Amino acid sequence: MSNNQLRIEQYDTVLYNSNLNPMGVPESVKQALKDCVNTVIRYPENYYPALKTSISKYAGCKEDQLILSSGSSDLLRLFISILAPKKAMVLVPSFSEYEKVLNIFGCEIVYYELDEANNFQFDIADFVGHLDSSIDLIILGNPNNPTSQIISRDDMETMAEVCKELDTFLLIDEMYIEFVNKYQEITSTPLVDSYDNIAVLRSTSKFFAVPGLRLAYAVISNKEYLDAIHTTAAPNPISSITAAVCTEMLKDKKYIKESSSQIFTERNLIVSAMSTNKNVKLYKPSANFMLVQILKDGVTAGQIADHCKLKGIVIRNCENIRGLSDKFIRFCFMKPSQNDLLVNTILELLKD
């Protein structure tokens, strides 16, 4: 057995590429799973009214504005199939799933490149200058993955207004919004009441660390699209167990508060610990993950990723993400002791 294999066995593997809440599954979920076994004897839709009430209170929206789906990918595909766009715009870099789904439906894609010199921050004035009436759909992640940058609600409302004039629909993916400090001031859900040309997509997978429950939801006020989705989508996409468990999970104020506090603290500590190293450029994160550029000559993202694997750390090598290169890595924030190991391991290859 090689020395490398021996070293791997000394560490538990930590998936820093998963972007899941390090607090793990909420106790409310574990308890609800025990209590709801008998729900399988009834059809799932019996539990949707309670679930929708829970989501509406949590997300600050109306119950009749909700679309339920078994995961964010299914939700995205559902919307693309209903909207049937001929031409769509996505940011570069951004979540590759947007491009993948648009290609499946034969949609032409135009790319808006975020400026690396401006730290990949969104420039609303420049962005709207690239829009015209030929664009049927815009998909934006807020916060954006992999840059961890956010778009303010004011800028999002400006965009919604411009899109309305151009007859363009705006899909806003808020998968990571709950990790943002004071995210209630950033989320676009309050805009849904005023604009029928937008939809806000949310998922419970990342913040509540329950990807196996498969619950995503959208908030939309457009009656035409709501009717079309209710007509064409599966009548009971969420299992009875998922519906019952998530109804209670979204009420878990203790878990929500502790999660926000831990991410806020660890995010600041990691930025502080790495910011003094001249061989990396940090893109100040707003979500629970951070994009990092490697500035040291002769060191690539692949080398950093391979080095981290030796200590059971799996990070995201971003060389295959459109708009990035083999000098970019991304990782999320986990527990304090794990984060110490992460930072030290990455910086081992970046010493002067």
Side-chain angles (χ1 to χ4, degrees), residues 11-33 55 58-59 69-76 94-97 141-150 173-181 183 187 201-217 241-242 245-246 248-250 252-271 285-292 305 308-309 311-318 321 329-343 345-346:
Y11 301 93
D12 292 328
T13 299
V14 182
L15 299 178
Y16 276 88
N17 61 341
S18 67
N19 295 346
L20 292 179
N21 189 332
M23 287 188 61
V25 179
E27 289 301 319
S28 57
V29 168
K30 297 176 183 178
Q31 185 59 51
L33 283 170
I55 293 175
Y58 176 78
S69 181
S70 58
S72 56
S73 292
D74 286 347
L75 190 60
L76 182 61
S94 66
F95 187 35
S96 59
E97 186 72 11
N142 196 29
N144 184 34
N145 177 16
T147 66
S148 201
Q149 304 301 303
I150 56 174
D173 180 1
E174 292 190 347
M175 179 179 291
Y176 297 101
I177 193 71
E178 291 108 318
F179 291 107
V180 176
N181 190 37
Y183 79 89
T187 178
L201 313 184
R202 292 270 194 94
S203 170
T204 59
S205 295
K206 302 299 184 178
F207 186 77
F208 290 96
V210 289
L213 286 179
R214 313 307 303 143
L215 173 64
Y217 57 93
I241 287 181
T242 292
V245 170
C246 289
E248 299 306 314
M249 179 184 75
L250 294 171
D252 193 339
K253 294 181 180 180
K254 182 175 183 289
Y255 179 89
I256 293 167
K257 183 178 180 179
E258 290 179 356
S259 296
S260 299
S261 176
Q262 180 171 316
I263 290 297
F264 178 81
T265 299
E266 291 305 307
R267 178 170 54 219
N268 289 342
L269 287 174
I270 289 180
V271 170
S286 293
N288 63 320
F289 55 87
M290 180 166 67
L291 182 68
V292 176
C308 286
K309 283 181 182 177
K311 295 186 179 179
I313 297 170
V314 181
I315 63 173
R316 179 68 160 90
N317 175 356
C318 297
I321 295 178
I329 58 174
R330 188 207 70 198
F331 52 81
C332 62
F333 312 128
M334 303 297 282
K335 296 178 180 179
S337 61
Q338 296 170 324
N339 290 335
D340 290 342
L341 177 62
L342 168 76
V343 171
T345 301
I346 291 174

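Start at 1 with the first residue, then count along the sequence. It should be emphasised that the depicted structure is a prediction, and the values quoted were computed from it without experimental measurement. When reading the values below, keep in mind they use all heavy atoms of this one structure, side chains included, and skip hydrogens, waters and symmetry mates.
Heavy atoms only, all atoms of each residue included: Arg214 and Ser72 are closest at NH2-N, 4.5 Å. Here the shortest heavy-atom pairing between Phe208 and Tyr58 reads CE1-OH, 3.6 Å. Taking each heavy atom of Val210 and Pro26 in turn, the nearest pair found is CG1-CD, 4.3 Å. Counting all heavy atoms, side chain and backbone alike, Ile150 lies closest to Asn142 at CA-OD1, 3.2 Å.
At least one side-chain heavy atom of Pro22 sits less than 4.5 Å from a side-chain heavy atom of Gln262. Val180 places none of its side-chain heavy atoms less than 4.5 Å from the side chain of Tyr176. Under the 4.5 Å side-chain criterion, counting only non-hydrogen atoms from C-beta, Pro143 is in contact with Ile177. Annotation: side chain of Ile270 is in contact with side chain of Met290 (closest heavy-atom distance under 4.5 Å). Proximity of Ile346 to Cys308: side-chain heavy atoms (C-beta onward) are separated by under 4.5 Å at one or more points. Phe207 has its side chain within reach of Ile256: a pair of non-hydrogen atoms, C-beta onward, lies under 4.5 Å apart.
Residues passing the side-chain hydrogen bond (donor to acceptor under 3.5 Å, both in side chains) test with Lys253, sequence neighbours excluded: none. For Ser18, the side-chain hydrogen bond (donor to acceptor under 3.5 Å, both in side chains) test picks out no residue, with sequence neighbours left out. Scanning for side-chain contact (heavy atoms from CB on, under 4.5 Å) contacts around Val14 gives Tyr16, Met334, Gln338, with sequence neighbours left out. Partners of Glu174 by salt bridge (charged side-chain N to carboxylate O under 4.0 Å, His left out), not counting sequence neighbours, listed by chain and number: Arg202. Applying the salt bridge (charged side-chain N to carboxylate O under 4.0 Å, His left out) test to Lys30 and every residue at least two apart in sequence or in another chain returns Glu27. In this structure Ser260 satisfies the side-chain hydrogen bond (donor to acceptor under 3.5 Å, both in side chains) test with no other residue, sequence neighbours excluded. The side-chain hydrogen bond (donor to acceptor under 3.5 Å, both in side chains) check on Ser28 picks up Asp252, with sequence neighbours excluded. Residues passing the ring pair (Phe, Tyr, Trp, His ring centres under 6.0 Å) test with Tyr217: none are found, sequence neighbours excluded. Contacts of Asn144 classified as side-chain contact (heavy atoms from CB on, under 4.5 Å), with partners at least two apart in sequence or in another chain: Ser94, Leu114, Thr147. With sequence neighbours left out, Arg330 forms a salt bridge (charged side-chain N to carboxylate O under 4.0 Å, His left out) with no residue at all. With sequence neighbours excluded, the residues forming a side-chain contact (heavy atoms from CB on, under 4.5 Å) with Ser148 are Pro285, Ala287, Phe289, listed by chain and number.
For the atom pair CG (Asn268) and CG (Asn181), the distance works out to 8.5 Å, reported to the nearest 0.5 Å. With rounding to the nearest 0.5 Å, the separation of OG in Ser205 from CG in Asn19 is 11.5 Å. Note: Phe264 CZ to Leu269 CG = 10.0 Å, rounded to the nearest 0.5 Å. Separating the OG atom in Ser70 from the CG atom in Leu215 is a distance of 9.0 Å, to the nearest 0.5 Å. With rounding to the nearest 0.5 angstrom, the OG atom of Ser203 is 9.0 Å from the CG atom of Leu75. Atoms CE and OG1, on Met249 and Thr204 in that order, are 4.5 Å from each other to the nearest 0.5 Å.
Thr242 places a side-chain N or O within donor-acceptor distance of the main-chain N or O of Leu213, the cut-off being under 3.5 Å. Proximity of a side-chain donor or acceptor of Thr187 to a complementary backbone N or O of Tyr183 within less than 3.5 Å is not detected.
Of the options Leu20, Asn21, Val25, a side chain to side chain contact (heavy atoms under 4.5 Å, CB included) to Met23 is made by Asn21 and by none of the others.
For residues 254-264, the set of pairs meeting the salt bridge (charged side-chain N to carboxylate O under 4.0 Å, His left out) definition, not counting sequence neighbours, comprises Lys254-Glu258.
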